[in-house]
Amino acid sequence: MVGKSWISKGLTHLVLLIGVVISVFPFYWLAVMSTNTTSQILHFPPKLIFGNQLWINLKHVFANIDFLQGFTNTLIVAVISVVGTLFFCSLAGFTFAKFKFPGRNFLFVSLLITMMIPSQISFIPSFIVMAKIGWVNSYQSLIVPGLANAFGIFWIRQYCDGSVPDELLEAGRLDGCNQFRLYWNIAIPILRPALAFLGIFTFIGVYNDYLWPLVVINNPDRFTLQVVLSQLNGIYNTDYGMVMAGTLLATVPLIIIFFIFSRNFISGIADGAVKD
Amino acid sequence: MKEALGTNTNVLPVKKRSLWSEIWKNRVSYLFISPFYILFLIFGLFPILFSLYLAFHSWTGLGEMKFVGLAQFKYLLTEPDFWHSVGNTFAIWFISTIPMLFFALVIAFLLNLPLLKFRGIYRTLFFVTNVTSIVAVAIIFQSIFNNNYGLVNYFLSLFGVDPVKWLDNSVLVKFVLASMVVWRFTGYNAIIYLAGLQSIPQTLYEAATIDGANRRQTFFHITIPLLRPVILFTVIMTTIGSMQLFTEPQVLLGDSGGVGGAGMTLSLYMYNQAFIQSQFGYASAVSWALFIIIGLFSLINWKFVQRF
């Protein structure tokens, strides 16, 4: 009996480890390629271990493409998006959770329905709207449309429902807090874990977004990191070492952020899906 | 009659006034939720309606729009490239979804085993693929499946197999695209299944065991039925995501969708028509076709999963 459970435990870990290797290997391979010369990568047999060319490959990246500008653009868009999303979504989510007003249910259900509309249906006209209001090539075009999004409001409302006690709000009201005060001084501190998740979720989404920035930004000075990366791959695809070093550089910051917040982030994703 | 009208006019304004005063009283609430609705009107609803309008007009982005009625939808139905992209999209969906959700279920069951060590580390390492940008994933997979010097071809060469043109072969390239989807989303779906499994109350299993049910019976009569909503969720999300597949083929194969357009998906086709060919009207018709396909196909999948 003891032997049998030992075997089944071993088998479980074996299967999981195979999965982990498949998950992690592409990152390893990316790092290996970034540290080798192109001829070492394309050689048969290829070099399967780390080399010492990372610095030279990175220098080529910076010499050929404005990587820093792309990174700066992404960072500006991501940070403003996160701050704005947290504010507008938590304000609306809190209001939906804790205040009764005529039409509340209708408004909330219609908000949920908009989540099911595939974004690509409005894609072309959204671009035309941006062109008409002169927002093509602007940061706003990447920030504003997502600021108060249905998922974020839904998420905060769900969390608020269960965690912000009505008695506390009542006490605040007696102390003369107006509705914004109740939100800012009472709800926000309690909502912090939900805000942390929504913030990371938004950051990762904006950081990785590709199709919309590809369409709405034509000026290389405003390219986001993912567009820069795709350009790097498209134009210089003969210099593997360089393309891979650029890809590594673009990928690492997000992976670090993910590892730091992974617990909160993963349980947030799981809750969001299961509680629906 | 007159009297009834009279009472009506007496009652209605009072009711109306109280509704309006109720709305006025809650004006701050409306203000706080308004940003979403304002943004949705400008960047959601208006574009959707405009897209419908455009679908009935021929427009290259410059100059006058010309009303053409259903002509663009008729053209679409006879356009071989459109149907080719529909076929490609469904093929990639089919190749990726079934193995992905199967692997995800297996991983979730294993991660849910009691007393499993390193559960948190496993979760993180399975999920990390999902936070990696698709552009980066496409670049890495491009090198792994390179036609000549790719890693996969190298390993095949160790067994005496000649290099396979993964990216040029119309069937194999779909497997490459599907493998990217599977790699990026298996961990994500596993985490969702795991949460679903953990939300099943342990007491149900205990009660069933006391009643003499074996593990197979509890699996088919407790686990699967209670997991059904979660499976439904993942199937629908996967369907919606797969039908909109764009970045993988665009970065891996370019705007053309590769040799013979074998990797041309519906979204890439729409993108090409709009932003390369400047056929904004026709591309809008394509986007409505995409919308209808997503709606119908999600519905079919929903019915299919519910039958189990």
Side-chain angles (χ1 to χ4, degrees), chain A residues 12 15-16 19-20 23-24 26 29-30 33 42 44-46 88 91-92 95-96 99 101-102 107 111 114 118 120-126 128-129 144-145 147-148 150 153 179 204 208 210-211 215 226 229-230 233 240 243 247 250-251 254-255 258-259 262-263 266 269-271 273-274 276, chain B residues 19 22-23 26 28-30 32-33 35-36 39-40 42-44 47-48 50-51 54 107 110 113 122-129 131-136 139-140 143-144 149 151 154 187 191-192 194-196 199 230 233 240 244 246-247 251 267 270 274-275 280 283-284 287 290-291 294:
Chain A
T12 302
V15 173
L16 289 174
V20 166
S23 276
V24 173
W29 186 234
L30 173 66
M33 287 189 289
L42 298 182
F44 253 50
F88 288 115
L91 190 60
T95 306
F96 271 120
F99 294 88
F101 46 87
L107 286 167
L111 177 140
T114 67
Q120 296 188 359
I121 181 83
S122 56
F123 197 76
I124 295 159
S126 291
I128 297 167
V129 169
V144 175
L147 271 187
I153 294 171
Q179 198 165 331
I204 291 176
N208 286 340
Y210 176 65
L211 175 53
V215 165
Q226 300 304 326
L229 199 56
S230 144
N233 183 50
Y240 262 60
V243 172
T247 307
T251 310
L254 205 62
I255 299 215
F258 168 70
F259 278 140
S262 71
R263 266 185 95 94
I266 293 174
I269 291 276
D271 288 351
V274 175
D276 273 356
Chain B
L19 179 66
E22 196 59 25
I23 289 175
N26 287 291
V28 179
S29 290
Y30 294 108
F32 286 179
I33 64 167
F36 167 80
L39 289 178
F40 180 71
I42 302 171
F43 301 112
I48 290 168
F50 190 31
S51 162
L54 270 178
I107 291 170
L110 293 181
L113 290 176
Y122 281 130
R123 277 197 336 166
T124 304
L125 292 177
F126 281 124
F127 200 87
V128 70
T129 59
V131 297
T132 313
S133 85
I134 306 176
V135 177
I139 291 172
I140 300 168
S143 80
I144 292 178
Y149 307 103
L151 199 59
Y154 166 67
I191 294 305
I192 289 172
L194 179 62
S199 72
V230 182
F233 173 82
I240 295 175
Q244 300 191 74
F246 170 82
T247 308
V251 177
S267 289
M270 181 190 90
F275 300 105
F280 286 103
S284 296
S287 76
L290 176 66
F291 183 56
I294 291 175

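It should be emphasised that the depicted structure is a prediction, and the values quoted were computed from it without experimental measurement. So you know, we letter chains A, B, ... as the sequences are listed, proteins then strands, and number each from 1.
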Measure distances from I128(A) to the heavy atoms of chain B and classify the residue's part below 4.5 Å as side chain, backbone, both or neither.
-> side chain

Pick from V24(A), V144(A), T251(A) with the largest number of heavy-atom pairs that fall under 4.5 Å of chain B = V144(A)

Heavy-atom check, side chain of F36(B) versus side chain of L111(A), under 4.5 Å | yes

Any F258(A) side-chain heavy atom under 4.5 Å of T132(B) side chain | no

What part of L151(B) lies closer than 4.5 angstrom to a heavy atom of chain A: side chain, backbone, both or neither?
-> side chain

Taking only residues two or more places apart in sequence or in another chain, which ones pass side-chain contact (heavy atoms from CB on, under 4.5 Å) with T12(A)?
-> L16(A), L110(B), L113(B), L116(B)

Between I204(A) and chain B, which part of the residue has a heavy atom less than 4.5 Å away: side chain, backbone, both or neither?
-> side chain

Contact part of V20(A) toward chain B, heavy-atom cut-off under 4.5 Å: side chain, backbone, both or neither?
-> both

In terms of heavy-atom pairs under 4.5 Å with chain B, the winner among F96(A), F99(A), F88(A) is F96(A)

Between V15(A), L107(A), L30(A), which residue shows the highest count of heavy-atom pairs closer than 4.5 Å to chain B?
-> L107(A)

With sequence neighbours left out, what residues match S267(B) under side-chain hydrogen bond (donor to acceptor under 3.5 Å, both in side chains)?
-> Q120(A)

Would you mind telling me which of A195(B), S133(B), G187(B) has the largest number of heavy-atom pairs within less than 4.5 Å of chain A?
-> S133(B)

N208(A) side chain vs V131(B) backbone, donor-acceptor pair below 3.5 Å = yes

